[in-house]
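Just so you know, these numbers use all the heavy atoms, side chains as well, and skip hydrogens, waters and symmetry mates. Chain letters run A, B, ... following the sequence lines, proteins first, then strands; residues in each count from 1.
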Protein chains: 2
Amino acid sequence: MRLSDPETIFKAFGDATRLRILALLQDHELCVCEIEAALSLSQSNASRSLTILKNAGIIQSRKQAQWAYCRISDDFSSRYPELCTALEKICAELPSTKNDKDSLKKIREIQSCEKM
Amino acid sequence: MRLSDPETIFKAFGDATRLRILALLQDHELCVCEIEAALSLSQSNASRSLTILKNAGIIQSRKQAQWAYCRISDDFSSRYPELCTALEKICAELPSTKNDKDSLKKIREIQSCEKM
DNA sequence: TCATTATATGCAAATATGCGAATATAATAA
DNA sequence: TTATTATATTCGCATATTTGCATATAATGA
């Protein structure tokens, strides 16, 4: 998905769920189902939130078998490196991030998508 | 106004009018009426857009006589320096910025608030 | 005092957004 | 093929946001 204008990018950032998703994606490429589980999101909410980030060009996804893996997009980080850095720091400092990362870690210990 | 959380700040950025205002405020402290005139905003739209930026803690204002002067807030730039830098660059690159700054320049040549 | 100017705000209509529930699609496995 | 799993999308509702218009407030100056 083509990188959007700043207004759209900021609008995509302006939501707690989407910021939590971006916080998890700072470290790893992640499968949709891992994000959904780690953040306790409904399936439709997870998918829709990711679609908004994807449409804004902030994340990119690749499909492998039945799984979709998402990560911060190369277009975004190369076009807006300063914003990307700012976002990284902001995400790290979100009150929700510590717990969310712990949840993610547990989920990945028990089961990874590839083994499901 | 107290600096808000990142979600609120990004939400405030997620609007074309507010980004245009921030683009003008990168260079100068400005009077509300200058912003209104330079961007051809309705009075209520200018006032309300500034209120949203103010409530998010992104800008601060001081009242002098009948005029209100706004600028990027110290709280914002010291708490989120990277974001502040990213914003500065993004604002400079907005397609609207060149014209808006020209308009502002003309307005300030003809009349400054202090002389009105 | 009253008139003027700058700014803020209440209200209402239009529009946008967020989210669950249901449904659709796509890939895999049996 | 059918069943299952992962993901995406559509629908509908509740809520939030945007914006103009009208009005209110506040400062100034005559």
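Contacts with DNA chain C (heavy atom under 4.0 Å) in residues 44-60 of chain B: B:S44, B:S47, B:R48, B:K54, listed by number.
A:C84 and A:F76 get closest at one heavy-atom pair: SG-CE2, 3.9 Å.
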Which side-chain N or O atoms in residues 90-97 of chain A pair as donor and acceptor under 3.5 Å with protein atoms at least two apart or in another chain?
{"from": "A:E93", "atom 1": "OE1", "to": "B:R79", "atom 2": "NH1", "distance (Å)": "3.3"}
{"from": "A:E93", "atom 1": "OE1", "to": "B:R79", "atom 2": "NH2", "distance (Å)": "3.1"}
{"from": "A:T97", "atom 1": "OG1", "to": "A:C91", "atom 2": "O", "distance (Å)": "2.6"}

Please output the side-chain donor-acceptor pairs of residues 35-45 of chain A that fall under 3.5 Å, not counting sequence neighbours, one pair per line with the distance.
{"from": "A:S42", "atom 1": "OG", "to": "A:N45", "atom 2": "N", "distance (Å)": "3.1"}
{"from": "A:S44", "atom 1": "OG", "to": "A:R48", "atom 2": "NH2", "distance (Å)": "3.2"}
{"from": "A:N45", "atom 1": "OD1", "to": "A:S49", "atom 2": "OG", "distance (Å)": "3.2"}

Pairs under 3.5 angstrom only: tabulate donor-acceptor contacts from the side chains of residues 3-13 of chain A to other protein residues two or more places apart or in another chain.
{"from": "A:S4", "atom 1": "OG", "to": "A:N55", "atom 2": "O", "distance (Å)": "3.2"}
{"from": "A:S4", "atom 1": "OG", "to": "A:A56", "atom 2": "O", "distance (Å)": "3.4"}
{"from": "A:D5", "atom 1": "OD1", "to": "A:T8", "atom 2": "OG1", "distance (Å)": "3.0"}
{"from": "A:D5", "atom 1": "OD2", "to": "A:E7", "atom 2": "N", "distance (Å)": "3.3"}
{"from": "A:D5", "atom 1": "OD2", "to": "A:T8", "atom 2": "N", "distance (Å)": "3.4"}
{"from": "A:D5", "atom 1": "OD2", "to": "A:T8", "atom 2": "OG1", "distance (Å)": "3.4"}
{"from": "A:E7", "atom 1": "OE2", "to": "A:K11", "atom 2": "NZ", "distance (Å)": "3.3"}

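Remark: P of C:dA16 and NZ of A:K11 are 9 Å apart, rounded to the nearest angstrom. When rounded to the nearest whole Å, the span between CG of B:L41 and P of D:dC21 equals 14 Å. In this structure, the CD atom of A:Q43 is 18 Å from the P atom of D:dT4, given to the nearest Å. To the nearest angstrom, P of C:dA16 lies 18 Å from CG of A:D15. Here D:dT7 presents its C1' atom at 14 Å from CD of A:E34, a figure rounded to the nearest Å. For the pair B:F10 CZ and C:dT17 P, the interatomic distance rounds to 18 Å; values are reported in whole Å. Counting to the nearest Å, the P atom of D:dA6 and the OH atom of A:Y69 are 11 Å from each other. Distance A:R62 CZ to C:dA27 C1': 15 Å, rounded to the nearest Å.
Taking CG of A:L50 as the reference point, atom CD1 of A:I59 lies at 4.5 Å (rounded to 0.5 Å).
A:K105 pairs by the salt bridge (charged side-chain N to carboxylate O under 4.0 Å, His left out) definition with nothing, not counting sequence neighbours. Take B:R62 and apply the salt bridge (charged side-chain N to carboxylate O under 4.0 Å, His left out) test, not counting sequence neighbours, and it matches B:E29. Residues meeting the salt bridge (charged side-chain N to carboxylate O under 4.0 Å, His left out) test with A:D27, sequence neighbours left out: A:K101. Remark: A:R20 engages A:D100 in a salt bridge (charged side-chain N to carboxylate O under 4.0 Å, His left out) (not counting sequence neighbours).
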**Request:** Report, as a single string ordered 5' to 3', how protein heavy atoms within less than 4.0 Å touch nucleotides 25-30 of chain D: B base, S sugar-phosphate only, - not at all.
**Result:** --SS--
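The side chain of B:S42 places no N or O atom within less than 4.0 Å of a non-bridging phosphate oxygen (OP1 or OP2) of D:dT19.
Comparing A:T17 and B:E36 by the nucleotide of DNA chain C that holds the closest heavy atom to each, the one mapping nearer the 5' end is B:E36.
Residue B:R18 places its side chain closer to D:dT18 than to any other of D:dT18, C:dT7, D:dA8.
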